[in-house]
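A short write-up of the structure that comes next.
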2 protein chains.
Amino acid sequence: MPKLKVGKRRTSAAQEDYLKALFRISGRAATLVPNARLAEEMGVSPGSVSEMLGKLATLGLIVHDPYRGARLTPDGLKVAVEMIRHHRLIETYLVRALGYGWDEVHEEADRLEHAISERLEERMWQALGQPAFDPHGDPIPAPDGTLVEHPTLPLQSAPAGSEVTVSRISDRDPAKLRAVERLGLTPGRRVMVVEESVWESPIVVSLDGSQISVPLGLARAIRVEGDAEGGTKPPG
Amino acid sequence: MPKLKVGKRRTSAAQEDYLKALFRISGRAATLVPNARLAEEMGVSPGSVSEMLGKLATLGLIVHDPYRGARLTPDGLKVAVEMIRHHRLIETYLVRALGYGWDEVHEEADRLEHAISERLEERMWQALGQPAFDPHGDPIPAPDGTLVEHPTLPLQSAPAGSEVTVSRISDRDPAKLRAVERLGLTPGRRVMVVEESVWESPIVVSLDGSQISVPLGLARAIRVEGDAEGGTKPPG
DNA sequence: CTTTAAGTTTCGGCATGCCTAAATATTAGC
DNA sequence: GCTAATATTTAGGCATGCCGAAACTTAAAG
């Protein structure tokens, strides 16, 4: 029967997307996120954000300082992490169990993450042998919400001459994903920075003897040497 | 980005549910279905049905004779069958690939059937070896929409003393499903009718020497004597 | 054939979630 | 500190999808 009487549902897909976006922006720190930043991340108008923040605050999922911004409460954080677990688990399942390419999974996961039950989440997790990372190198939160974050840096902040291990490739842009995959740039690969990123320019790295130009924001990396903290220069 | 750019989507989940309900009621014959019948099937008010029928007619998915009823157009039929294929494929996948009990799959499939892509549908189908029947014994429509219907009848219409093969157990009621499964009544089993159904009483059949009382509407069966289409096998 | 019962449609309402534009608050420049 | 640019909130609209009640059509009973 088509009655999707999911009386149990506490959060809508839209609400979950806002919580996820807040987490993407401020992470576990749950710092105040300005309205405009969230509007940009969500691809909606500032007015829509204001309205939704009101609802989420009423539900106790965020705290809203009017005119200042919003931040996740522990409850909101829980929902956000749960959605991220769903997303990354689904991506991993599609790649490992159903032969998807890692550039084909993001959209599918974005739709399914709101629709799967706890039972299905658990079954996929077990079927995969309790994986800890998704195909893009992002960590999969544990069932209890524990999320091990590795100290990674945006690839474009690595200085010329340094050697780094690629840890994550963003799953947002399938076309770029296919491009870098074809060139061999995948999570786990070690590369040498040939030309560092200035302003908004792509960074150039060498891999297997060839040079690859990597767009901004696509990859994150771990330093191979114990470099302290080189020129972190946020664009803008 | 959480923007679920579904620009491609032509039908909403609600619309798909109405089309599915129309198909459940009148099948491929696409006879006129009265408003009230559809309202009952969907668990909504008659007013809501009227409204939705207007939209579906505008989309060319149904034909609506005001005050008479509605019936699926070829386009509407296509959407309905597609959803049924999704539903039965998902149920089959959850049971065969992820170890679900066949009483646990219906709700999950109802949510997921609207969210999976053609690609995922195809991958699940291939992963299962192009199955033709779901765990309840219902046929899975082919990718092109072909749906082989077996000439089954409601179990309660079988006369006392006849021998029949159970072909389908409805997936609507998990509790009843578990009950009959525990007693061994599954698709493919052959049973003898001990006491026929009169008025609205359950029918009593014998199976492995014990007698089982089967609620109305739960099972369908194929006559053993006729056995015209015996070739294909509903799983059991 | 008319009256009445039953079924259907229409009409306001409500909830979600989005938009734009106007009003309001905050921050930055001088 | 006070104005001006920037950001946020509020207000009014639109679309979907549901409800109950009133208006209407069809069918049934006499």
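By convention in this document, chain letters (A, B, ...) are assigned in the order of the sequence lines, proteins followed by strands, and residues within each chain are numbered from 1.
Evaluation of the salt bridge (charged side-chain N to carboxylate O under 4.0 Å, His left out) rule for B:Glu82 yields no partner, not counting sequence neighbours. Checked against side-chain contact (heavy atoms from CB on, under 4.5 Å), B:Ala36 has no partners two or more places apart in sequence or in another chain. Here B:Glu122 pairs with nothing under the salt bridge (charged side-chain N to carboxylate O under 4.0 Å, His left out) rule; sequence neighbours left out.
One finds a side-chain N or O of A:Gln15 lying less than 4.0 angstrom from the OP1 or OP2 phosphate oxygen of C:dG17. Distances shown here put every side-chain N or O of B:Ser45 at or beyond 4.0 Å from the OP1 or OP2 atom of D:dC18. Between A:Ser12 and the phosphate of C:dG17, there is a side-chain N or O to OP1/OP2 separation shorter than 4.0 Å. Of the side-chain N and O atoms in A:Tyr18, none sit less than 4.0 angstrom from OP1 or OP2 of C:dT16.
Pairs engaging residues 138-148 of chain B under the salt bridge (charged side-chain N to carboxylate O under 4.0 Å, His left out) rule: B:Asp138-B:Arg168 [sequence neighbours left out].
In this entry the distance linking CG of B:Leu59 with C1' of D:dT16 reads 12 Å, nearest Å. Rounding to whole angstrom units, CE of residue A:Met52 and P of D:dT9 are separated by 14 Å. Residue A:Leu53 contributes atom CG, which lies 11 Å from atom P of D:dT10 at whole-angstrom precision. Rounded to a whole Å, the CG atom of B:Leu32 is 14 Å from the C1' atom of C:dG7. Taking atom CG of residue A:Leu38 and atom P of nucleotide D:dT8, one finds them 10 Å apart after rounding to whole Å. Taking atom NE2 of residue A:His114 and atom P of nucleotide C:dG17, one finds them 11 Å apart after rounding to whole Å. Straight-line distance from the CD atom of A:Glu40 to the P atom of D:dT8: 12 Å, rounded to whole Å. Here the P atom of nucleotide C:dC18 and the CG atom of A:Asn35 are 13 Å apart, to the nearest Å.
A donor-acceptor pair under 3.5 Å is absent between the side-chain atoms of B:Gln126 and the main chain of B:Arg123, judged by distance alone.
Residues B:Ser48 and B:Lys55 each lie close to DNA chain D; by heavy-atom proximity, the contact nearer the 5' end of the strand is made by B:Lys55.
Remark: B:His114 NE2 to B:Met83 CE distance equals 7.0 Å, nearest 0.5 Å. Rounding to the nearest 0.5 Å places CG of A:Asn35 at 13.5 Å from CZ of A:Arg68.
Between its two ends, the helix from C:dC1-D:dG30 to C:dC30-D:dG1 turns its axis by 10°, counting five pairs per end and rounding to 10 degrees.
Among the nucleotides D:dT8, D:dT16, D:dC18, the one closest to any side-chain atom of B:Glu51 is D:dC18. Residue B:Pro46 places its side chain closer to C:dT9 than to any other of D:dT9, D:dG17, C:dT9. For B:Pro34, the side-chain atoms get nearest to C:dT8 when compared with the rest of D:dT10, C:dG17, C:dT8.
Ring orientation note: the planes of B:Trp102 and B:His136 are close to parallel, at an angle under 30° on the 30°/60° scale.
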How far apart are the C-alpha atoms of A:Tyr100 and A:Glu91, what are their side-chain angles, what is the distance that settles it, and do they pass the side-chain hydrogen bond (donor to acceptor under 3.5 Å, both in side chains) test?
-> CA-CA 9 Å; A:Tyr100 269 61; A:Glu91 288 195 341; over 6 Å; no
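Ion pairing of B:Arg24 with B:Asp17 is absent here, as no side-chain N (NZ or NE/NH1/NH2) approaches a carboxylate O to less than 4.0 Å.
Contact check of residues 60-73 of chain B against DNA chain D (heavy atom, cut-off under 4.0 Å) returns B:Tyr67, B:Arg68.
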